[in-house]
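Structure first, then comments.
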Protein chains: 2
Amino acid sequence: MGLERNAKGCNCGKCSHKFCASKVPIFSTLSQEELAEINSLKINKKYKKGEILFFEGDRMESLFIINQGKVKVFKYTKEGKEQILYILSEGDIFGELSLFQSEKLTFNVEALEDVNACVLTKNNFEMILSKRPEISMKVLQVMGERLIKMETLIQSLGTKDIEARIATFLLELIPEYTRSRGNIKEIELPLSREEIANYIGVTRETISRKLGKMQEEGILRVKGIKKIIILDEEALKAYL
Amino acid sequence: MGLERNAKGCNCGKCSHKFCASKVPIFSTLSQEELAEINSLKINKKYKKGEILFFEGDRMESLFIINQGKVKVFKYTKEGKEQILYILSEGDIFGELSLFQSEKLTFNVEALEDVNACVLTKNNFEMILSKRPEISMKVLQVMGERLIKMETLIQSLGTKDIEARIATFLLELIPEYTRSRGNIKEIELPLSREEIANYIGVTRETISRKLGKMQEEGILRVKGIKKIIILDEEALKAYL
DNA sequence: CGGTAAATTGAGGGAAGTCAACCTAAGTGG
DNA sequence: CCACTTAGGTTGACTTCCCTCAATTTACCG
């Protein structure tokens, strides 16, 4: 699967990470030569599922580009429960903030699956940025999108109706995590029940019960532990 | 009051809005001449308390700088309740996002008190930006701070403990909204009870009850409708 | 094919929401 | 300056819904 990917995106046979830079929207305006330069500067890191990439309070000295896999970004609440802020996957970046304000990280990052990431040092990134200042605009766009996602999450958490929160969560997943088979949509869940609960601000048990209820209502079908088939997307939207 | 302000910050007697640009961190690197240029480009707008500056879905074609007063930025939840995202006051900017991604506004903005704002058109701002590209870095910093605030809010909303949410809210207010009298701190609340409730994700009544409880415990004193005296800041922090 | 971690299901309690009545304070006009 | 009006705040009784705790059941991995 991983090999297929490479074969598909790159023909040179050896540079399995040529993608790092080319995958990322912030570098979309760069030429092939410039991308190649970035690739020669980057280093590659691998993490196992469950591994912590960063802890709150760590000082970031580099820009991370996720080449493969997914990570969750989260904080701990007072009760020691994790509050997930967002999920990042292939092509997403993080650490960009610290590059501009050299502050400590305000969240933890953990690999949800095996992760392959490219790392650009702060210095190298600043060098690239000085050559191509329009990149900072791109970074602004990415941050803007992230802000909008967080606004949606806040709106969701502020909503008392838990069905609505779950619906929001599922609908968000559809564009990126769905394999369409005919006209039914099968979501590949990136999170466990407990993690969904921690994202939505409820307990694991409540998620179980609500999904069960939605299944009874014919809106979706829970297929094993990490798949959900959306049978009636309109009914889901009606919850919002 | 408004005049005193002006007298204090500006001696020319006529340019009551010279501050707009000089108040804003994103323009902090500019020279006096450049600031003056911006001031000649900007236009001035006034809003009455309760007035809506923008609706969700509006297209922003300008950068707003708050010169005086406070606004709340909010969305509506499914139940029609407002979910406040943040409070902006003197020196804060908004609309910066739309300038970079020309998307529609994702929130509403309402004046909490009489507001005086400076407006820079998108074109003018882009012109300034092209002359001084380092401003985009500053914008990134501002957005970074906003992102961090939202992360905190999410963490707070995800926390079940409502006392903790109230404590977080009050402690956030202290730096900006406190008049210290001796060693007791008196917070001037920018929000009504209902708005606090809408910010924290609970009902008006719950806020009343919890503040009453905290008063009984000797942590604070509710003084009328818009003042709270913090008697025991440490006890407040202990809720976190 | 076990063994373990995760998910589900059920029963019970508690905390916040709802609804309604009452109170307080800010603003208005005489 | 005071009485009146009204919006916002507080308080109480009741209800609901989610959390908690515990017992099973189901999925996943060697």
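Being a predicted model, the structure only gives us computed values, none of them experimental. Here is the naming used below: chain letters follow the sequence lines, and residue numbers restart at 1 for every chain.
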Nearest-angstrom distance from the residue atom [atom1] of [X] to [atom2] of [N]:
X: A:Arg193; N: D:dT26; atom1: CZ; atom2: P; result: 14 Å
X: A:Lys81; N: D:dC18; atom1: NZ; atom2: P; result: 14 Å
X: A:Ile207; N: D:dC17; atom1: CD1; atom2: C1'; result: 15 Å
X: B:Lys227; N: D:dG9; atom1: NZ; atom2: C1'; result: 17 Å
X: B:Lys213; N: D:dT11; atom1: NZ; atom2: C1'; result: 17 Å
X: B:Ile162; N: D:dC19; atom1: CD1; atom2: P; result: 12 Å
X: A:Arg204; N: D:dT26; atom1: CZ; atom2: C1'; result: 14 Å
X: A:Leu211; N: C:dT9; atom1: CG; atom2: P; result: 10 Å

Measuring from the side chain of [X] (C-beta onward, heavy atoms only), which nucleotide among [options] has the closest atom?
X: B:Val202; options: D:dC19, D:dG9, C:dG17; value: C:dG17
X: B:Glu205; options: C:dT9, C:dA20, C:dA6; value: C:dA20
X: B:Thr206; options: D:dG9, C:dA11, C:dG17; value: C:dG17
X: B:Thr203; options: C:dG17, C:dT9, D:dC18; value: C:dG17
X: B:Arg209; options: C:dT18, C:dA6, D:dG9; value: C:dT18

Between A:Thr206 and A:Thr203: side-chain donor-acceptor atoms closer than 3.5 Å: yes
Any B:Lys226 side-chain N or O less than 4.0 Å from OP1/OP2 of C:dA25: no
Single hit among B:Ile196, B:Leu191, B:Ile187 for side chain to side chain contact (heavy atoms under 4.5 Å, CB included) with B:Leu173: B:Ile187
Position toward the 5' end of DNA chain C (nearest nucleotide), B:Glu163 or A:Val222: A:Val222
Sugar-phosphate only, base, or nothing, as touched by A:Lys210 at under 4.0 Å among non-hydrogen atoms: sugar-phosphate
Electrostatic pair B:Lys45-B:Glu51, nearest N-O below 4.0 angstrom: no
Electrostatic pair A:Glu194-A:Lys81, nearest N-O below 4.0 angstrom: no
First encountered from the 5' end of DNA chain D, between A:Lys160 and A:Gly224: A:Lys160
Test item: B:Gln215 side-chain N/O and B:Val222 main-chain N/O as donor-acceptor pair under 3.5 Å: yes
